[in-house]
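Take a look at the structure set out below.
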Protein chains: 2
Amino acid sequence: MTKKVKNNKRQLILEEAAKLFKAKGFGGTSMRDLGAQVGMEAASMYNHINSKDEILELICFHVSNTYVSQLAQIEQTETSYVEKIKALIHLHIRLMIEDGAAVSVANNDWKYLTNDKLEAFKEARKNYEKGFAALIEQGIAAGELQPVNTSVALFTILSAVRWVELWYRPGRGITAEELEENIMTLLLNGIAK
Amino acid sequence: MTKKVKNNKRQLILEEAAKLFKAKGFGGTSMRDLGAQVGMEAASMYNHINSKDEILELICFHVSNTYVSQLAQIEQTETSYVEKIKALIHLHIRLMIEDGAAVSVANNDWKYLTNDKLEAFKEARKNYEKGFAALIEQGIAAGELQPVNTSVALFTILSAVRWVELWYRPGRGITAEELEENIMTLLLNGIAK
DNA sequence: TAGATAAACAAACGTTTGTTAGTTTATCGA
DNA sequence: TCGATAAACTAACAAACGTTTGTTTATCTA
């Protein structure tokens, strides 16, 4: 019980931190800013977390672990490569909509990770990109996709999906499903007639 | 002559600042960091610039002014809408390759602009996006483009082009021309067969 | 209810921040 | 060569930073 309460406060700190880091950047967010948002003195937060750096680490690796484990799962399903790629795009958009602040931090503030944490994060991302690229390559080899440059295709997809973080608001007159379908159609079929 | 030397030093400071802001963020870059990169004490730079904020402003508005004026020029050329959109994509990719650090700062650190400068920058960007969106809409109306959601198409294009900043290196085995062609093909035709 | 533990606080720490002031060095026209 | 101006320097500033300390308050267990 005691542990559960502790985890809740800790979780609250992480959530508010993600929001503030997204809005003002890691360096632009002070522990006093964060404390004010959480409703606590900056010093008090050290009862729940070890350091400002640790907050960033927990947010970044939460996101990267999600991507990595979901990729592993998708790789093992028995569907076409097009379907697998669609599933990954789906994952990206959904995670962005549901946990936008954390994804944003993992996208933009990962570079403030230090030493081995920074290396580990870069390594995880590189492996994820490799796995994603392999699916595209196999899709081309299987004749399901156009023979595009794999790297260009990979990064175009990843980037095209990133803007959702900057643009999507629940009241923009477009649902998550519509948004997803529009993006997928665009990436798969292009805009030209 | 004296003025020219002054401008050169000032330009050097702006260029090194763009590199550092890109690498470590605006907040993560101290005036002492910047001075070391420029080869000068932090205090000495105040002979050439007025404040750290001013450096950010000069970089951001240099980029946004380029976009705005180029858009105006493209709008007035007499070609198809597809060609106009291609010209804009071309502009984005070229500017990213030639002045990547500044573009990166304008993309990521503009939020640290203050007061009226922040508002002015947001306004300029909004107008640019409106102009770009109008071209897409007219392209659809003219039957040149698929009837996609205009906003989704706009932001997918803008984002797809942004990753160049994160990925492109002169020695990656792909020329700027090839890169550009690959991205355009992808955005116009998609990856599906 | 007494004792222990968790979680809040205010105050202070040593650094680092952007910036200013005062001074010295280099450059250049007269 | 002298005097002026530009541009570098060192030293210091107040403010803000992440974090630690010591203490008080609240909560749960026995």
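Here is how names work: the chains are called A, B, and so on, in the same order as the sequence lines, proteins then strands, and each is numbered from 1.
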Write down the distance between [atom1] ([X]) and [atom2] ([N]), rounded to a whole number of angstrom.
X: B/Met45; N: C/dG18; atom1: CE; atom2: P; value: 9 Å
X: B/Lys52; N: C/dT20; atom1: NZ; atom2: P; value: 14 Å
X: A/Met40; N: C/dA8; atom1: CE; atom2: P; value: 4 Å
X: A/Ile49; N: C/dA8; atom1: CD1; atom2: P; value: 12 Å
X: A/Arg10; N: C/dA6; atom1: CZ; atom2: P; value: 15 Å
X: A/Arg32; N: C/dC13; atom1: CZ; atom2: P; value: 14 Å
X: B/Tyr46; N: D/dA11; atom1: OH; atom2: P; value: 19 Å
X: B/Lys9; N: D/dC9; atom1: NZ; atom2: C1'; value: 13 Å

Listed nucleotide nearest any side-chain atom of B/Ala42, set D/dT20, C/dT19, D/dT10: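 Among the listed nucleotides, the one closest to the side chain of B/Ala42 is C/dT19.
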Among D/dT10, C/dG18, D/dT19, which is the nearest nucleotide to the side chain of B/Ser30? C/dG18
Ion pair present between A/Glu16 and A/Lys19, side-chain N to carboxylate O less than 4.0 angstrom?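 Salt bridge: yes.
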What nucleic acid atoms does B/Glu41 come within less than 4.0 Å of, heavy atoms only: base, sugar-phosphate, or nothing? base
On DNA chain C, nearest-nucleotide positions of A/Gly39 versus B/Gly28: which is more 5'?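 Looking at the nearest nucleotide for each, A/Gly39 comes out on the 5' side.
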Check: A/Glu54 side chain, A/Ile49 main-chain N or O, donor-acceptor pair, under 3.5 Å: no
Any idea how B/Phe121 and B/Trp110 line up, ring-wise: parallel (<30°), tilted (30 to 60°), or perpendicular (>60°)?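 The arrangement is parallel - the two ring planes meet at less than 30°.
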Over 60° means perpendicular and under 30° means parallel, so tell me whether B/Phe21 and B/Phe26 are parallel, tilted or perpendicular. perpendicular
List the steps and the verdict of side chain to side chain donor-acceptor pair (under 3.5 Å) for A/Asn108 and A/Glu165. CA-CA 11 Å; A/Asn108 300 307; A/Glu165 148 206 349; 3.2 Å; yes
N or O in side chain of B/Ser44 less than 4.0 angstrom from D/dC9 OP1/OP2: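 Yes.
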Please check the phosphate of D/dA8 (OP1 and OP2 only) for any side-chain N or O of B/His48 closer than 4.0 Å. yes
Given the structure, check if the side chain of B/Asn47 and the base of D/dA6 hold any donor-acceptor pair shorter than 3.5 Å. no
